[in-house]
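Step one of this worksheet: look at the structure below.
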Amino acid sequence: MARVTLRDVCKIYPGGVKAVDRVSLDIADEQFVVLVGPSGCGKSTTLRMVAGLEEVSSGTIEIGGRVVNDVAPKDRDIAMVFQNYALYPHMSVYKNMAFGLTLRRRELGLSKSDIDRKVREAARILGIDGLLDRKPKALSGGQRQRVAVGRAIVRDPKAFLFDEPLSNVDAKMRVEMRSEIKKLHRRLRTTTIYVTHDQEEAMTLGDVIVIMKDGRVQQLGSPLEIFQHPVNRFVGDFIGTPPMNFLAGRIEGDGDSVVFNEGGARLPFYGHLAEAARAYRGIELVLGVRPEGLSLDAERARLGAGADVPREALPALDVRVTLVEPLGKEKDVHMATTVHDRIVGRMESHVSVREGEMQRVFVDLRAAHLFEPGAMGRNVSLPMTQEAVRAN
Ligand code: ADP
């Protein structure tokens, strides 16, 4: 097991595409790190450079304290699990799992019985010990994926690299495999780098998640830190379902009062949002509110505004309900203001709202952020500690 460090790593593909742009990561021993971002953001290229399957254009990669830029993939002591499993179709599960070790048996100083023990142990951990004689074509997608993981485990590598390993399995199996991979990591504690485009998968798996866009790291932190303190609008939008709502408006108010003018509707700000917004009076900003922060319940909003704030002075929007989507325990309520035609609130299913009616929806400022305009607009309402994280 080992620490994996990337320093100012860049990848420029022939033809000039800058796929990875000065990525620096310090992945501690035993950590589970997820690289996540939209398609084309450079996450697979980053992983493939760690694996040695792509050359590094500049910067250094260290595995276990050794710079591996010029080390061949097979000598990096890592194991990679791919999206397409890459199993040998003519070999049994047993042979697929044993193959890599058998090939290098002398070099690794392993006896046949060592290999047999490793294969059976890994198969037992993964619950595929009853399938060792089968060929891959006689397995389900989930079972094939387990074989691919098993083949990685038997090598006892310094690090596991997973490249979208669950995108070819169905939704239910994906959720199951996700928790299996997490349990496996709890058990083996092998340093893991996992690539996915699925933010929910990233949130549930990672000790640390790294959000990438256009080859760059946008933010790095625990899932909760990133959810609560997105450094920019892109991150706020990318993490969380349904996504954060974004309302353009202007900061107004005088003296102590700070108000957000949303197309004529005036939302008073309190607490951290008021403090952050004070310096922006007269300026257009974007209010980001999580769907959970919109509710018909004034008390929720009062928790975010202050216990002594009267109902009529709570931040709220007059909306028309355009669609109600029941989800079981909760429902998504789609709403429109005079200037924003799609705002989504996630509310308890017992809340009474009907399509077509007018409602006053309260904004819980604890679930709100202020961003500079533009798709990559900076979050100007972060607590100081998060500012420090961003500066790094
Ligand atoms: P992701 O895994 O986040 O979807 P990739 O790392 O696969 O992104 O790709 C990042 C960028 O590099 C994309 O613009 C992609 O088109 C480009 N790219 C990937 N592989 C190659 C290649 N072999 N040659 C040229 N460009 C590539």
Side-chain angles (χ1 to χ4, degrees), residues 4-27 31-63 68-70 72-73 76 78-86 145 148-149 152 159-169 171 174 177-178 181 191-221 223 226 230-241 243 375-376:
V4 178
T5 309
L6 283 74
R7 281 204 196 95
D8 288 326
V9 170
C10 293
K11 175 69 184 184
I12 302 167
Y13 280 112
V17 178
K18 194 160 201 181
V20 175
D21 190 3
R22 281 169 289 150
V23 167
S24 292
L25 296 172
D26 196 6
I27 302 166
Q31 213 166 37
F32 195 123
V33 170
V34 181
L35 307 183
V36 64
S39 178
C41 72
K43 50 195 188 298
S44 297
T45 302
T46 304
L47 193 76
R48 293 170 62 82
M49 284 192 285
V50 176
L53 302 175
E54 291 291 349
E55 240 175 78
V56 174
S57 303
S58 63
T60 53
I61 299 180
E62 279 179 25
I63 300 173
V68 294
N69 287 39
D70 298 321
R76 291 192 182 195
I78 45 99
M80 188 146 170
V81 179
F82 296 93
Q83 180 181 130
N84 58 8
Y85 323 131
Q145 192 51 265
V149 173
F160 285 134
L161 309 181
F162 287 94
D163 191 2
E164 303 253 9
L166 304 183
S167 30
N168 286 346
V169 292
R174 203 154 57 222
M177 289 292 295
R178 201 158 78 189
I181 288 175
T191 311
T192 300
I193 311 178
Y194 187 106
V195 162
T196 178
H197 63 277
D198 179 341
Q199 60 93 21
E200 192 180 299
E201 201 166 292
M203 294 286 278
T204 51
L205 279 174
D207 300 322
V208 168
I209 63 182
V210 179
I211 311 221
M212 294 183 66
K213 181 173 191 312
D214 298 337
R216 294 204 174 162
V217 173
Q218 297 295 320
Q219 190 168 3
L220 177 157
I226 290 185
V231 295
N232 59 33
R233 174 169 172 170
F234 169 77
V235 175
D237 193 26
F238 190 74
I239 295 292
T241 35
M376 301 302 292

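Computed from heavy atoms alone, side chains included, the values below leave out hydrogens, waters and symmetry copies. In listed order, ligands and their atoms are each counted from 1. Only a predicted model underlies this, so the values are computations on that prediction, with no experimental measurement involved.
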**Request:** Using non-hydrogen atoms of the residue, decide whether Gly15 is closer than 4.0 angstrom to ligand 1.
**Result:**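 Gly15 does not count as a contact of ligand 1 under the 4.0 Å cut-off.
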**Item:** Glu54-ligand 1 polar pair, N/O distance under 3.5 Å
**Value:** no
**Request:** Could you tell me whether Gly40 and ligand 1 have an N or O pair separated by under 3.5 Å?
**Result:**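 Yes, Gly40 has an N/O under 3.5 Å of an N/O on ligand 1.
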**Asked** Of all the atoms in ligand 1, which lie at a distance below 4.0 Å from a heavy atom belonging to Cys41?
**Response**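 Listed by number with element, the hits are 1 (P), 3 (O), 8 (O).
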**Asked** Of all the atoms in ligand 1, which lie at a distance below 4.0 Å from a heavy atom belonging to Ala19?
**Response** 10 (C), 11 (C), 12 (O)
**Message:** Is atom 10 (C) of ligand 1 touching the protein, meaning some protein heavy atom lies under 4.0 Å away?
**Reply:**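 Looking at atom 10 (C) of ligand 1, one finds that a protein heavy atom does lie closer than 4.0 Å.
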**Request:** Please indicate, with yes or no, if any protein heavy atom is found under 4.0 Å from atom 16 (O) of ligand 1?
**Result:**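 Protein heavy atoms within 4.0 Å of atom 16 (O) of ligand 1 - there are none.
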**Request:** Quick one: closest heavy-atom pair of Glu55 and Lys11, and the distance?
**Result:**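 Heavy atoms of Glu55 and Lys11 come nearest at O-NZ, 2.8 Å.
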**Item:** Distance-minimising heavy-atom pair for Arg174 and Leu166
**Value:**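 In terms of heavy atoms, the two residues are closest at CD-O, 3.2 Å.
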**Message:** Apply side chain to side chain contact (heavy atoms under 4.5 Å, CB included) to residues Gln219 and Ile239 and explain how you reach the verdict.
**Reply:** CA-CA 11 Å; Gln219 190 168 3; Ile239 295 292; over 6 Å; no
**Request:** Test side chain to side chain contact (heavy atoms under 4.5 Å, CB included) on Val81 and Gln145 and set out the steps.
**Result:** CA-CA 8 Å; Val81 179; Gln145 192 51 265; 3.2 Å; yes
**Request:** Please step through side chain to side chain contact (heavy atoms under 4.5 Å, CB included) for the pair Val9 and Thr46, ending with a clear verdict.
**Result:** CA-CA 8 Å; Val9 170; Thr46 304; over 6 Å; no
